[in-house]
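Report on the following structure.
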Amino acid sequence: MNTAVTVQREVAALAIVHHANQYIVTDGYDNRVGISGIVGTSSSQTGLLRVLKLHERYGVPFSLHISGTFLESLAWYGPEFLSEVNRLAGLGLLELIGGSYAQNMMRFFSPEHNLRQINEELLLYQSLLDWDPKRITTFWPTERLWETEAMAPVLTSGQLLNGGYKHVVIDDRLLHSTTGNPSPRQLYDYDHSWDPVNFQMHRIKNGLGLCALPISFGLRRNIPPRTREDLEKTQAQLEWILDINSDYDNQLVAIYADDMEKVAGVGWDARGPLQFEATLRWLSENPFLQPVKLAEWAATHRAGSERQIDTGAYAELVDEFGAGENYESWYYDPRWSLYRNYYAWSEARVRELDSRGADPALIQLAWKILLATTWQTAWHTPRTGAHGENLSDEGPSAWTRAIASHSRIAVIIAEAAHWMTNKCDLAHADLRDLDSDGEDELVLKNDKLFAVFSPRNGGRLVYLFTVNNPPGRLVIGNPIDDWNLLEDLHAYMDVPPNHPGALADVGYEHDNYSTEIRVPYGDTVWARLSNSEKKGAGFGILKNLSLGKSESTIRTEYSLPNSLTKLSTEIGFSPDYQQLLRMGPSAVEECSPAKGIRGWSNEGVTVGARLDGGYAIWDKPRQDRFGHGYLLRVTGFRGFTVWIGAED
């Protein structure tokens, strides 16, 4: 009788890592895909949800990094995506890996800043996805820009909510030294030879225990397979690893890692999901390939050797896009100097006001703005690549200039924080340039409220804070939400209308107003904003503002010129903006405690508006929601009065 001998064939490990990174975007753009298009639906052919469905269909596990700013956008506009992430994690198909909240280029920032970035991301994983930070052991550096000296001490710090990271994802080219001419890294960039060292985990020299997990250049370039040849290259490389794995005691891992939007067909080739599906189908049909979750694999395998990791990033960013090996060609570009200085001034001013006594909660919000406005620090628009533009001047991108410009809003929040702990019993009204944008803001404040108006931009109430009881809260204004290409700090954003503020007079949102402070301090302060657009239809609109001591509402008495019989104005509320960012809308409740009053409450703070008499009505706003906020519209006739206030 013949006895069959079963030969156990080796398996090769493959880790798929998706990087989902967006700012706090919304819908309604005329120049880009909005959040709904990015996420997609359960039945759409493109979008991030499509990628999740494909992994579930073929049973292929993966690792996922989501930037903190994108998490906050998803909580508001795409909660179904977050639910799917948790459901797949429960099925054992998904693990999360960490990163910095706003994807800043970490080597250019202080340890304190970077600690705040990383902890903010971990906090959002915990609050929005209910993931214990200690489960997050692997780190995704922004644009895979790595510098051991600057980053290792932060990533291993005991001050991190997860107790410190153990592994970091880098590009395989960084395993090769930059010393020499040509250097080993330059030689690897030239031939991309298959080398087992590129498929091993390595201890980072002087990395304080951190291990590097190298991304395979070949897999990154050939997944998703745009052509049959791309798929064949992926298959050949994985089969090569399979053949040699036993020689390395099964310690090799092939890592594909790149933007999730690429395989989702968002901003890249729309055929991405279909092409990615071909890869997943092949993997599911090949029993000798073992798809793994990267952090889980790393926890049960050992590092191959210790290697020095010289500063660097991925090949296209370094050479094709022109950022340089250390990113300094972009960060120190003279065209970025203005924005670099904006940030430096803002952080210094926040620190100064904090040192003089300030509400901790509002200072924390000021810091969050400082963190958010470093998103994709100093990114330039190249002429080539998936996000390149043929006619680009290859300078700083317009969207990153707009985001960085708004770092100065952190100072307004710090001013409110400082007033909260240094306030007096009287009401005050004054004109001063809080944010160093060259234009005076009108400030009304007392022991309950701190309000900031922009006369030059429609005479709008752009920020309102409660300063009565700690914690201080921002209840009008949503400064971290996407500004599209708008650099002006208080200008009305038309497309999409994402930052209305309050008292945004429909059709006159961009009009200039002159300011007259009639009573600057005392039991009640009075100020008047007058529409000064002599050639405009809104010329002569008056907003008479008053605030009394210990009052929690600002009275706005509208007076219309003879040319207008009615006027609509919109009021946007963001009840506890920081809470909305960190927790989404789950605790928000609409409230109408009495006739003529409408508003919202959120975790102990209520913000709303009240109409006076029969000269104004509630009308339908252009949209119910914006950014992280809710919108009301008032239409008034001739003269009418609106009260806006907040209580905690």
Side-chain angles (χ1 to χ4, degrees), residues 10-19 60-65 97 138-141 143-146 167-176 184-202 204 211-227 229-245 247-248 250-260 262-263 272 275-276 278-280 282-283 286 288-298 301 303-305 307 309 312-320 386:
E10 300 290 345
V11 296
L14 167 68
I16 294 176
V17 182
H18 295 305
H19 164 58
V60 176
F62 64 103
S63 304
L64 175 64
H65 170 253
I97 62 175
T138 301
F139 188 82
W140 178 278
E143 300 303 328
R144 285 107 69 191
L145 175 63
W146 178 256
H167 319 107
V168 59
V169 181
I170 62 171
D171 281 68
D172 55 8
R173 64 188 296 274
L174 270 63
L175 297 175
H176 305 279
R185 188 176 294 179
Q186 289 171 322
L187 293 174
Y188 177 72
D189 286 343
Y190 177 76
D191 60 23
H192 294 112
S193 59
W194 292 1
D195 187 335
V197 77
N198 295 339
F199 299 91
Q200 293 176 285
M201 178 167 59
H202 301 275
I204 299 176
C211 290
L213 294 163
I215 300 168
S216 165
F217 175 84
L219 295 183
R220 183 172 65 79
R221 289 301 291 261
N222 294 312
I223 297 176
R226 306 300 189 193
T227 65
E229 183 182 8
D230 289 344
L231 183 58
E232 290 172 350
K233 288 178 180 178
T234 295
Q235 294 169 350
Q237 189 161 58
L238 293 176
E239 288 170 357
W240 171 77
I241 294 170
L242 180 65
D243 289 339
I244 67 170
N245 200 16
D247 296 335
Y248 292 88
N250 295 317
Q251 298 298 314
L252 302 184
V253 61
I255 302 174
Y256 162 82
D258 212 334
D259 293 349
M260 191 177 190
K262 183 170 77 167
V263 295
Q275 297 162 342
F276 185 56
T279 302
L280 296 182
W282 178 74
L283 289 173
N286 191 328
F288 306 116
L289 292 172
Q290 181 183 11
V292 299
K293 291 172 283 187
L294 184 57
E296 186 176 279
W297 179 91
H301 289 73
S305 63
R307 296 184 74 88
I309 309 296
Y314 63 89
E316 296 89 339
L317 180 67
V318 169
D319 295 320
E320 183 181 341

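Residue numbers start at 1 and run along the sequence shown.
Of the listed residues (Trp297, Trp240, Tyr256), just one forms a ring pair (Phe, Tyr, Trp, His ring centres under 6.0 Å) with Phe199, and that residue is Trp240.
The backbone N or O of Pro225 sits nowhere less than 3.5 Å from a side-chain atom of Lys233 that would complete a donor-acceptor pair. A donor-acceptor contact shorter than 3.5 Å links the side chain of Asn245 to the backbone of Val11.
Between Thr138 and Ser63 the shortest side-chain heavy-atom distance does not fall below 4.5 Å. Proximity of Leu219 to Ile255: side-chain heavy atoms (C-beta onward) are nowhere separated by under 4.5 Å. Residues Trp140 and Val17 have side chains in contact (heavy-atom distance under 4.5 Å, counting atoms from C-beta outward). Between Leu280 and Phe62 there is no side-chain heavy-atom pair separated by less than 4.5 Å. Residues Ile16 and Thr279 form no side-chain contact, since every pair of their non-hydrogen atoms from C-beta on lies 4.5 Å or further apart. For the pair Arg307 and Val197, the minimum side-chain heavy-atom distance is below 4.5 Å. Using a 4.5 Å heavy-atom cutoff, the side chains of Trp282 and Leu289 are in contact. Between Ile97 and Leu294, the closest side-chain pair of non-hydrogen atoms is not below 4.5 Å.
Qualifying side chain to side chain contact (heavy atoms under 4.5 Å, CB included) partners for Pro291, counting only residues two or more places apart in sequence or in other chains: Val60, Pro61. Every residue was checked against the salt bridge (Lys or Arg N to Asp or Glu O under 4.0 Å) condition with Arg226, not counting sequence neighbours, and none meets it. Take Asp172 and apply the salt bridge (Lys or Arg N to Asp or Glu O under 4.0 Å) test, not counting sequence neighbours, and it matches no residue. With sequence neighbours left out, Glu316 forms a salt bridge (Lys or Arg N to Asp or Glu O under 4.0 Å) with Arg220, Arg221. The salt bridge (Lys or Arg N to Asp or Glu O under 4.0 Å) test applied to Asp189 returns Arg173, not counting sequence neighbours. In this structure Gln237 satisfies the side chain to side chain donor-acceptor pair (under 3.5 Å) test together with Ser216, sequence neighbours excluded.
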side-chain hydrogen bond (donor to acceptor under 3.5 Å, both in side chains) assessment of Asn250 paired with His301: CA-CA 9 Å; Asn250 295 317; His301 289 73; over 6 Å; no
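Between atom OG1 of residue Thr234 and atom CD of residue Glu239 there is a gap of 10.5 Å, rounded to the nearest 0.5 Å. Annotation: the span from Asp230 atom CG to Glu232 atom CD amounts to 9.5 Å, rounded to 0.5 Å. Of the inter-residue distances, the one linking Leu252 atom CG with Gln200 atom CD reads 5.5 Å to the nearest 0.5 angstrom. Here the CZ-CG distance, from Arg144 to Asp171, works out to 4.0 Å after rounding to the nearest 0.5 Å. Ile170 CD1 to Ile204 CD1: the interatomic distance, rounded to the nearest 0.5 Å, is 6.0 Å. Taking NE2 from His202 and OG from Ser305, the interatomic distance works out to 5.0 Å, rounded to the nearest 0.5 Å.
Nearest approach of Ala12 to Leu242, heavy atoms of both residues: N-CD1, 3.6 Å. Ile223 and Lys262 make their closest contact through O-NZ, 3.1 Å (heavy atoms, listed as atom of the first residue, atom of the second, distance). Nearest heavy atom pair, residue Pro196 against residue Tyr248, reads CG-OH, 3.3 Å. Residues Pro141 and Val169 come closest through the heavy atom pair CD-O, 3.1 Å. Residue Met260 comes nearest to Leu64 through the heavy atom pair SD-CD1, 3.7 Å, listed as atom of the first residue, atom of the second, then distance.
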